[in-house]
Each structure stands twice: as structure tokens, then as C-alpha cells.
J.: 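Could you have a look at this structure, given as C-alpha cells, before my questions?
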Amino acid sequence: YAPLLVSESAYDSDRLWHKLNHAPALQWIGRAGITKLALAAVDVALWDLRAQAAGQPLWAYLGGVTTPRLEAYNTDVGWLSIPTEQLLNNCRKATEEDGYRGIKVKIGHDDPSVDFRRLEAVRQLVGTGVKLAVDVNGRWDLPTCQQFCRRAEALDLFWIEEPMWYDNVSGHARLALSTRIPVALGEQLYGLEAFQTFIEAGAVQYVQPDVTRLGGITEFIAVAHLAHAQRLPVVAHVGDMGQVHVHLSYWHPAISMLEYIPWIRHCFTEPITVADGYYQRPEQPGAGTTLTPDAMQRYARPTKE
Ligand code: MG
């Protein structure tokens, strides 16, 4: 993308998004995956530059706050590999000590009974007042999902995330029809049209776009508007650890919650913070993506002179 950006202006970010997204040499290489990740990096940088030039945090540059308090839900409590005792300990600490009102537990064992027993123990521990979401990361097939959901409806799950393979529209639509548990997905969808397909099919209730995978802020906004028009809530997936999404979430009316994963915080000059289960609103100009010199040194590839 770099040669296509020489001599261009950051103020033309919409035009540049279309120029890069439709670049003939790139669109047949891949309209998903690494091509979109690269486009996302450029697009986020352009929005960051424009907001910085305006002296405003991105949420203000976009048009102000519609979400007065942004709830954080904690994904770091419930990785699939951790033993049940540690899972319960993490859930207790997150809800009792740190003030989280929502948590997410990874599921997807070959035997779903294992997941069910773990979730039963979590629900008993945290009580009924805590939002409890689960994430299968695409591991199961349709009958396994349906059997699990039938059993798990008693646990009052907030959503079941990516229950099946990421591109399977009809399977998710069938599952959504057959269970009271809402279906969440979107972290593996790389374009507006993919979201439109899932939304039109009734295959998703919680829409989870990610600026780092979707082609950046420009396309995230389109997806959020699309979901909002159907009155579907948007809860972003934090491939950026939330640095950019916290701005988008405070701004967009379809968003009232955001995932929390506390990885690579040390890489950013202004890491986002959560207090009593709510995201603090960033007040520094830009999109919150400025890296520390140390992170640049450790992770940036040296450029050839
Ligand atoms: Mg997920």
C-alpha cells in the first residue's frame, strides 16, 4: 500500500480507503486476511492523524459521546486451557474485587459436558446478576451447538460466540432460530458485505467487528451503522486491545459494552484503563494508537534504506 499513499493527504481517508481497497493488484490476491489487516493499519493511522491534527480524541472528532458509560466485560478470566479451579478464582476476583459486571468463558471441549460443568460452577459462583458470555472460537458443528444450547439455556448465558466455522451463514442462522441464547460473531469477518450476509440471514444478534481486521475505522463505521439499522447491538472484538475501539464505542449509539483483554498495554503511550468495570474515556488527541519507543524497537521491522 505504501506506493499508493505517497503524496496523498490524511484528510482524504475515505477516498484513500476506496483507492486501497480496490487496488487492482491487491483485490485478487485477497479481499480478506492479511490484505485487510494491512489496509486497517493504514486506515487507523489516517484517522489518528486527522484527530490529532484537530486536537481532539477520536470520539470527539467523530461527533461526540452517545454512550455515557462504557461497560467493560472481561475475557481474560476464562481461557479454555486453564483448570476449573483457576477459572473460578479468576471469575471471583473479576466480579467481586475488580467490579466487572460481565465476563466471558471460552468453551469448545470435544465433550461439551466438560464445558457445561465448568459453566455451572461459574454461574453458581458469580450469581445471576453477572453477564456470562461463552466463546466457542468456531470449534463445534451444528448438532453439538444445538445440544449444548438446549442444556445451557438454564444458565442464562448472555451470548454464544462463534459457535461454528466462521463462514457458515446457514448453520448460524439455524442455531439462532433454535435457541434462546443470542449468537455473537464478527471477529473473523473481513468486510461490510460479510456482515450484511450474516445480518440478513438472521445469523447474528451481537455484532462483533474489529478495526484491525475489517479494513480499519472507515469500514467499522459502516458495519456499526448497518447493525444499528437492524437494532442489533455492536460489541467490538479487541484485536487492538481496545485502544481504538474505546473511542468508537463511546461514540456509536449501537455500542454500550466493550471487551477487555489486558495484553500489550505496555506498548502504548496511553494505555486504556478500566475502573469499577467501566472504561475510562480517553482524553488525549488521536485514536490512542501511539506506540512507546521501546515497543517500536522491540516489534517494528527495520526498514531498508
Ligand atoms: Mg472471540
Side-chain angles (χ1 to χ4, degrees), residues 32-33 36-37 40 70-82 87 90-91 94 100-110 112 114-115 118-119 122 130-142 144-145 148-149 152 155 157-169 171-172 175-176 179 181-191 194-195 198-199 203-215 219-220 223-224 227 232-246 248-249 254-264 272 274 279:
K36 270 330 231 329
L37 303 188
L70 179 61
E71 193 177 314
Y73 80 85
N74 194 319
T75 296
D76 201 38
V77 297
W79 304 109
L80 193 62
S81 58
I82 62 175
L87 168 68
N90 291 350
C91 292
Y100 286 96
R101 291 155 187 78
I103 51 177
K104 188 162 81 187
V105 174
K106 298 282 183 174
I107 61 172
H109 289 89
D110 290 341
V114 175
D115 296 303
R118 278 159 69 90
L119 291 169
V122 170
V130 171
K131 296 185 186 84
L132 174 57
V134 295
D135 187 352
V136 195
N137 284 109
R139 282 185 163 81
W140 285 342
D141 58 20
L142 181 58
T144 307
C145 291
F148 171 83
C149 285
L155 298 175
L157 299 183
F158 193 68
W159 71 51
I160 183 166
E161 180 172 325
E162 291 195 325
M164 283 162 279
W165 183 250
Y166 316 111
D167 301 314
N168 181 352
V169 179
H172 286 97
L175 179 66
T179 178
I181 304 170
V183 172
L185 56 84
E187 68 178 85
Q188 303 263 354
L189 303 184
Y190 289 94
F195 279 93
F198 273 87
I199 289 172
V204 56
Q205 276 100 46
Y206 282 91
V207 181
Q208 300 179 307
D210 185 328
V211 288
T212 67
R213 297 184 183 173
L214 186 58
E219 200 165 28
F220 182 102
V223 169
L232 295 176
V234 174
V235 187
H237 172 262
V238 293
D240 65 336
M241 301 298 111
Q243 292 290 131
V244 181
H245 288 116
V246 74
L248 291 161
S249 301
I255 309 180
S256 61
M257 259 174 92
L258 181 62
E259 182 172 33
Y260 175 75
I261 304 177
W263 299 349
I264 64 166
I272 49 166
V274 171
Y279 270 104

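All ligand and atom numbering here is 1-based and tracks the order in the structure. Source: prediction; values computed, not measured. The chain is numbered in sequence order, starting from 1.
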J.: Is the Tyr73-Phe158 ring centre distance short of 6.0 angstrom?
T.: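 No, the ring of Tyr73 stays outside the 6.0 Å limit from the ring of Phe158, centre to centre.
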
J.: Is any side-chain heavy atom of Asp135 less than 4.5 Å from a side-chain heavy atom of His237?
T.: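 A side-chain contact under 4.5 Å is absent here.
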
J.: Is any N, O or S atom of Glu161 under 2.8 Å away from the Mg ion (ligand 1)?
T.: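 Looking at Glu161, which is the residue asked about, there is an N, O or S atom under 2.8 Å from the Mg ion (ligand 1).
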
J.: Do Met164 and Val136 have side chains that get closer than 4.5 Å, going by heavy atoms?
T.: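 Counting from C-beta outward, Met164 and Val136 never come under 4.5 Å.
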
J.: Determine which of the N, O or S atoms in Glu187 is closest to the Mg ion (ligand 1) and give its atom name.
T.: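 For Glu187, the N, O or S atom at the smallest distance from the Mg ion (ligand 1) is OE1.
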
J.: Which of these, Val134, Asn90, Ile103, sits in a side chain to side chain contact (heavy atoms under 4.5 Å, CB included) with Val122?
T.: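 Answer after filtering Val134, Asn90, Ile103: Ile103.
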
J.: Do you know which N/O/S atom name in Asp135 is closest to the Mg ion (ligand 1)?
T.: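 So the atom name we want here is OD2.
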
